[in-house]
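Convention: sequence-line order gives letters A, B, ...; per-chain numbering from 1. These figures come from a predicted structure and were not determined experimentally.
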Amino acid sequence: MAVSWASVAAPEPLGGVSVAVTAAGAAAVAFSAQPPDEVPARLATAPPADAQRTALVARQVGEYLAGRRRVFDFPVDWSLTSGPQRTVLQALHRAVGYGRTVTYGELAAGSGVYDAVPTGERWAAAREVGQIMGSNPVALIVPCHRVVASDGLGGYGGGYGGVEVKRWLLTLEGVLAPTLDWSGPA
DNA sequence: TACTTCACATTTT
DNA sequence: AAAATGTGAAGTA
């Protein structure tokens with residue numbers, strides 16, 4: 001296969017994280033310690049990353065999950081995204097740092113993609129942003145977990161248990177107060 | 001404050 | 001064709 005997978009062990013609700021790395025950067029993330037059997041066709045033809053970079057990505061992600069890293073130095077391979085999705089995700093990646101959050105509506109406005117949408121229909125933009133987050137191929141690195149609903153947590157992909165992951169990540173970053181069952185990244 | 005209803009584009013069943 | 005979706009804002013009690 002053409003991509004290198006950086007697998008990282010992770011605490012509690014995650015279990016593990018795998019990152020697909022191409023020569024351009026991190027292209028996809030899966031919430032499992034074992035890389036998926038199949039990869040998007042786009043990645044199968046992408047130029048592979050050298051072992052050096054793959055190791056770098058694995059190390060930084062590991063440090064982040066351990067609470068010892070706040071920013072990722074490696075670039076993101078946006079080839080799996082397109083159109084408005086790419087615009088929104090890039091806006092998020094650029095504007096929302098560690099320990100910060102934005103609401104779906106704010107991200108929609110900040111990305112500039114929905115400027116033409118009348119104020120009275122902001123909900124539509126917010127919902128579409130939600131869709132984009134849910135289909136974000138580079139979760140974690142593009143911090144889709146830092147996007148919350150205007151009144152609370154909002155949802156998270158990965159089905160039912162997904163929200164648990166979101167909570168864990170936000171607690172890790174100090175956005176949420178630790179809950180009673182919070183055991184920390186270690 | 002808490003709960004209900006509406007707005008509506010895509011995607012999945 | 002029908003239902004659900006990572007929302008937001010306004011209206012009701």
Side-chain angles (χ1 to χ4, degrees), chain A residues 8 10-20 26-33 36-43 61 64-65 70 72 76-179 181-182 185:
Chain A
V8 182
E12 279 304 307
L14 289 83
V17 173
S18 298
V19 185
V29 173
F31 286 105
S32 112
D37 294 334
E38 297 181 24
V39 297
R42 191 59 186 262
L43 287 185
V61 172
Y64 165 75
L65 292 174
R70 298 161 61 94
F72 295 123
V76 173
D77 183 345
W78 301 99
S79 63
L80 287 181
T81 65
S82 61
Q85 183 190 36
R86 176 178 300 189
T87 304
V88 171
L89 291 177
Q90 285 179 335
L92 171 63
H93 183 247
R94 173 175 44 98
V96 183
Y98 190 101
R100 293 277 310 286
T101 60
V102 287
T103 64
Y104 291 96
E106 285 168 353
L107 178 57
S111 68
V113 175
Y114 303 96
D115 283 354
V117 178
T119 310
E121 297 179 5
R122 281 188 53 228
W123 55 268
R127 177 176 280 186
E128 290 198 21
V129 168
Q131 299 289 348
I132 290 173
M133 292 300 124
S135 56
N136 170 23
V138 275
L140 204 68
I141 297 165
V142 174
C144 52
H145 58 278
R146 295 185 193 136
V147 185
V148 299
S150 67
D151 57 346
L153 242 197
Y156 199 70
Y160 181 74
V163 186
E164 286 305 312
V165 174
K166 186 174 187 175
R167 293 172 82 103
W168 190 89
L169 291 170
L170 290 176
T171 309
L172 171 70
E173 299 187 2
V175 176
L176 293 176
T179 48
D181 59 340
W182 166 259

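- Annotation: side chain of A:V88 is not in contact with side chain of A:E128 (no heavy-atom distance under 4.5 Å).
- Put simply, the side chain of A:L80 reaches to within 4.5 Å of the side chain of A:L43, judged on heavy atoms.
- Contact record, A:L153 with A:V163: CD1-CG1, 3.7 Å, taken as the closest heavy-atom pair.
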What pairs of nitrogen or oxygen atoms, one from the protein and one from nucleotides 2-5 of chain C, lie under 3.5 Å apart?
unit_1, atom_1, unit_2, atom_2, d
C:dT5, O2, A:Q131, NE2, 2.5
C:dT5, O4, A:R127, NH1, 3.4

DNA chain C base-pair string [pairs: Watson-Crick or G-U under 3.5 Å; |: paired with another strand]: |||||.|||||||
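- Between A:H93 and A:W78, the two ring planes are perpendicular [angle over 60°; tilted spans 30° to 60°].
- Considering every non-hydrogen atom in both A:P137 and A:Q85, the closest pair reads CD-NE2, 4.1 Å.
- The environment of CZ in A:R86 is crowded: more than 12 heavy-atom neighbours from other residues, nucleotides or ligands sit within 6.0 Å.
- Counting only residues at least two apart or on different chains, no ring-ring contact (aromatic ring centres under 6.0 Å, His included) pair has a member in residues 101-141 of chain A.
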Please enumerate all protein N or O atoms sitting under 3.5 Å from an N or O of nucleotides 9-12 of chain C, with distances to 0.1 Å.
unit_1, atom_1, unit_2, atom_2, d
C:dA9, OP1, A:R122, NH1, 2.3

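- Inter-residue side-chain proximity for A:P143 and A:Y98 is flagged as unmet; no heavy-atom pair is nearer than 4.5 Å.
- At a non-hydrogen distance threshold of 4.0 Å, nothing from residues 165-174 of chain A comes into contact with DNA chain B.
- Nearest heavy atom pair, residue A:V129 against residue A:A108, reads CG2-CB, 3.6 Å.
- At a threshold of 4.0 angstrom between heavy atoms, the contacts of A:V147 include nucleobase atoms, whether or not backbone atoms are also involved.
- A donor-acceptor contact shorter than 3.5 Å is absent between the side chain of A:T103 and the backbone of A:V148.
- Atom CD of A:E121 and atom P of C:dT7 are 18 Å apart (whole Å).
- A donor-acceptor pair under 3.5 Å is formed between the side chain of A:S18 and the backbone N or O of A:S32.
- Contacts between residues 89-116 of chain A and DNA chain B, counted as heavy-atom distances below 4.0 Å, involve no residue at all.
- For A:D151 and B:dC3, the CG to P distance is 12 Å, given to the nearest whole Å.
- Remark: P of C:dT7 and CD1 of A:I132 are 13 Å apart, rounded to the nearest angstrom.
- The backbone N or O of A:R146 lies less than 3.5 Å from no partner atom in the side chain of A:E173, so there is not a single donor-acceptor pair.
- Spacing of P atoms, C:dG6 relative to B:dT13, comes out at 12 Å, to the nearest Å.
- Across all strands shown, A:A124 has no heavy atoms under 4.0 Å from either base or sugar-phosphate atoms.
- A heavy-atom distance below 4.5 Å is found between the side chains of A:N136 and A:L89.
- A donor-acceptor pair under 3.5 Å links the side-chain atoms of A:K166 to the main chain of A:V147, judged by distance alone.
- Between A:Y64 and A:H145, the angle of the ring planes lies from 30° to 60°, which puts this pair in the tilted group.
- Between A:V19 and A:V8, every side-chain heavy-atom pair lies at or beyond the 4.5 Å cut-off.
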